[in-house]
Amino acid sequence: MSVAHADDADDYSRPTGESYHAEKALPSGDFYTGQWRDNLPHGHGKYLWTDGCMYVGDWHRGKTMGKGRFSWPSGATYEGDFKNGYMDGKGTYIDSSGDLYRGSWVMNLRHGQGTKSYVNGDCYDGEWRRGLQDGHGRYQWKNENHYIGQWKNGLMNGNGTMIWSNGNRYDGSWEDGAPKGNGTFRWSDGSFYVGVWSKDPKEQNGTYYPSTSSGNFDWQPQQVFYVDLSECVVCTCQRIPVCRLRRCRFGTVLRSRVVVGTGRRTLDENAESNRSSLGPLRIQPAKKQGQTISKGHKNYELMLNLQLGIRHSVGRPAPATSLDLKASAFDPKEKLWTKFPSEGSKYTPPHQSCEFKWKDYCPVVFRTLRKLFSVDAADYMLSICGNDALRELSSPGKSGSFFYLTNDDRYMIKTMKKAETKVLIRMLPAYYNHVRACENTLVTKFFGLHCVKLTGTAQKKVRFVIMGNLFCTGHSIHRRFDLKGSSHGRLTTKPESEIDPNTTLKDLDLNFAFRLQKNWFQEFCRQVDRDCEFLEQERIMDYSLLVGLHFREASFKDSATPTSGARTPTGNPDTRLSRAEMDRFLLDASKLASIKLGINMPARVERTARRSDCENQLVGEPTGEFYDVILYFGIIDILQDYDISKKLEHAYKSMQYDPTSISAVDPKQYSRRFRDFILRVFVEDT
């Protein structure tokens, strides 16, 4: 979309901060009439687009903010709350077909409690998430059939009850809109069928109990799927054409012109803006991390061994597993050794590496975890064992462990000390129960725990764990922070010239506050509490919140480098994601489905600055500079328990430094300090 400008000498003849009524005819043909202040709509006003879209309502510094009404040429309307240019809060949307939704919104999406009345007579009343029915809700069809229970991604999923108008009913488990798992079907005459349900007749199993001796013994359970449920089709929700809502934003003043639109500028306009007090955010292109492990690399054979072992473990035939695991699956002795001779064996292929032994720890548990995390076995093998080599990160972590990335960036492989391996196996039952109970958990996802033992005189053992890579994304990560809530040693030691987008900055480098939408912030607080409680119970400490930022569009002060916090990189400005591109991201259904807590999260950050008289100030003062970002975050390094070495470290450092500033503290104190700090730098976007 071309950027529209408004020329009006009166804008510059009035004192700063003075509001007045204005009418602005824009060269694009758009028109605004209403309250105006400091070259931006501020107060009540009306904006008309040339294609017939119209907004009437409250404005705040050029953004739709407060109460308002938006109408489309198709006849669709929204009336309710707006925030930062989005439909956000309580509101009513009537689409062009006549369907009506009344309830909660977050960033143009139905999210929270709401009621949807369809023009065909159907009605849904319940919880929504990211635009779809999700949570507990009631759907009633026009023929008076109705379902009450759990939903997920717009489909009946979980425990629920379907009641037909003829008095029949089904109570039990659902999956993807159909009965799946344990359930009972009851007829109005008192007969009932109890069993395990599935669309696959081979998996269907149960018993029919007639109310009388003359019951319907010819009835088949598959009739429920293909007859009883045939008329119980859930209506889809029409896509909301929200892109126009983002076009009514006003941007930076360029000389005597007000920029109106998405924020997309030409290079000349960027240059003009650079000379003002706020310039555009210019980002160094992020380079792919790590060195490819090719033949001749010191760890080339180890990589081959790892790939052979993974292919063997994941490809090995195994019976279908239930999510309800037996205690024996978590037994530390539950491990499998496999010998890999170079010439091959009955169970292993020939290979070019040296002979080695391969160990799988708790294989049933990790296979079930991969299933729980929706990891496809074939994709998993392809990522780790495909033709593309792994990449070794340039330097080992503080613990001395080495890190490897798969070529597609999906998985990170970390070498483990024996003590860390023991901690993971010890906490595995609690970890499994936690991630199963908490769908939005922020703790690291573990997919496998293995050991390679080289034969010969060395007898070297290399243990490693396979984890999800938090920054596996199509977006460039422009800033990354490792946050603990402590101050001692929490400042990046790299010289200014070596700071780049792959540099992990620390607590005392942090110069942003992260602002989340209300619903996301509430979920974030709940999940941080749950995760910290789990880690505290397992006596874990020294973990971090790893945060990655992708800037959508922003401006930094070019005139000076920040006196504290993350440095301002310079480079190619074309790496910015424009407002129009961000609109397409938000409207793309596949992208919406990928937005989860800590993953692909649209948010805002506010620049902060530390006082010069406070050397170890963890949280800076707000500056009023806001940037739109995509956030990625998760809790990492969760395998350090409070053992004797950490207790000694705490005692030694407490004599030299402020005990509250060091990382090595009791898990209870660590959890409390971590939570307090994280909930100071993550705030609700008001």
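- Taking the six-membered ring for Trp and thresholds of 30 and 60 degrees, W59 and Y55 have ring planes more than 60 degrees apart, a perpendicular arrangement.
- Nearest heavy atoms, M54 versus W49: N-CE3, 3.9 Å.
- A salt bridge is defined here as a Lys NZ or Arg NE, NH1 or NH2 lying under 4.0 Å from an Asp or Glu carboxylate O, and D529 with R675 meets this definition.
- For V119 against D99, the heavy-atom pair with the smallest separation is N-OD1, 2.7 Å.
- Looking only at distances, no side-chain donor or acceptor of D88 sits under 3.5 Å from a matching main-chain atom of F82.
- Taking both residues in full, the closest heavy atoms of M601 and I595 are given as CA-CG2, 4.4 Å, listed atom of the first, atom of the second, then distance.
- Counting heavy atoms from C-beta on, the side chains of L679 and C525 come closer than 4.5 Å.
- A donor-acceptor pair is defined here as one N or O able to donate and one able to accept, closer than 3.5 Å; such a pair exists between the side chain of W174 and the backbone of G160.
- Between E684 and R515 there is no salt bridge, since no side-chain N of the basic residue sits under 4.0 Å from a carboxylate O of the acidic one.
- Proximity of H44 to D58: side-chain heavy atoms (C-beta onward) are separated by under 4.5 Å at one or more points.
- D95 places no side-chain N or O within donor-acceptor distance of the main-chain N or O of A76, the cut-off being under 3.5 Å.
- A salt bridge links R526 to E523: one of the charged nitrogens lies within less than 4.0 Å of a carboxylate oxygen.
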Tell me, with the steps shown, if L483 and L510 meet side-chain contact (heavy atoms from CB on, under 4.5 Å). CA-CA 9 Å; L483 305 175; L510 180 65; 4.2 Å; yes
Can you list the steps and then say if H550 with Y632 is a side-chain hydrogen bond (donor to acceptor under 3.5 Å, both in side chains)? CA-CA 8 Å; H550 170 86; Y632 299 83; over 6 Å; no
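- Ring geometry for Y627 against F512 counts as perpendicular: the plane angle is over 60°, on a 0 to 90° scale with 30° as the lower cut.
- In this structure, D685 pairs ionically with R604, as a charged nitrogen and a carboxylate oxygen lie closer than 4.0 Å.
- The shortest non-hydrogen separation linking E606 to T623 is OE2-N, 3.8 Å.
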Between M107 and N84, does the side-chain contact (heavy atoms from CB on, under 4.5 Å) criterion hold? Intermediate values first, please. CA-CA 9 Å; M107 296 181 72; N84 296 324; over 6 Å; no
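- Here the CG atom belonging to L48 is positioned 8.5 Å from the CG atom belonging to D30, to the nearest 0.5 angstrom.
- Relative ring orientation between Y124 and Y139 is described as tilted, the plane-to-plane angle lying within the 30° to 60° band.
- Judged by distance alone, the side chain of D628 and the main-chain N or O of R552 form no donor-acceptor pair under 3.5 Å.
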Under the side-chain hydrogen bond (donor to acceptor under 3.5 Å, both in side chains) criterion, do S544 and K484 qualify, and how do the steps go? CA-CA 5 Å; S544 311; K484 292 178 182 285; 3.3 Å; yes
Evaluate the side-chain contact (heavy atoms from CB on, under 4.5 Å) criterion for residues Y118 and C123: first the C-alpha distance (whole Å), next the side-chain angles of each, then the deciding distance (0.1 Å), finally the verdict. CA-CA 6 Å; Y118 299 89; C123 180; 5.7 Å; no
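- Judged by distance alone, with hydrogens and angles left aside, the side-chain atoms of D125 form no donor-acceptor pair with the main-chain N or O of R138 at under 3.5 Å.
- Put simply, the side chain of D482 never gets that close to the backbone of T504: no donor and acceptor are under 3.5 Å apart.
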Dump the intermediate steps for side-chain hydrogen bond (donor to acceptor under 3.5 Å, both in side chains) on D531 and H434, then the final yes or no. CA-CA 8 Å; D531 289 340; H434 180 74; 2.6 Å; yes
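- Considering every non-hydrogen atom in both N120 and D122, the closest pair reads OD1-N, 3.0 Å.
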Pair F70, C53 - check side-chain contact (heavy atoms from CB on, under 4.5 Å), show working. CA-CA 7 Å; F70 198 98; C53 287; 4.2 Å; yes
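- Under the 6.0 Å cut-off for aromatic ring centres, F674 and Y543 qualify, their centroids lying closer than that.
- Within the 3.5 Å criterion, the main-chain N or O of V619 finds no donor-acceptor partner in the side chain of T608.
- Counting heavy atoms from C-beta on, the side chains of Q150 and D134 never come closer than 4.5 Å.
- A centroid separation of 6.0 Å or more is found between the aromatic rings of Y93 and Y101.
- If you look at W105 and Y78, their ring centroids are closer than 6.0 Å.
- The aromatic rings of H42 and H60 lie tilted to each other, with the angle between the two planes from 30° to 60°.
- Although no hydrogens or angles enter the test, the distance criterion places a donor-acceptor pair under 3.5 Å between the side chain of N469 and the main chain of D409.
- Heavy-atom minimum distance, R607 versus N511: NE-ND2, 3.3 Å.
- By the 4.5 Å heavy-atom criterion applied to side chains, F551 and R479 are counted as neighbours.
- For F524 and F682, the gap between ring centers is short of 6.0 Å.
- A cation-pi contact, defined as under 6.0 Å to the ring centre and within 45° of the axis, links K24 to W36.
- Judged by distance alone, the side chain of E127 and the main-chain N or O of G112 form no donor-acceptor pair under 3.5 Å.
- Under the 3.5 Å distance criterion, the side-chain polar atoms of T441 are left unmatched by any main-chain donor or acceptor of C438.
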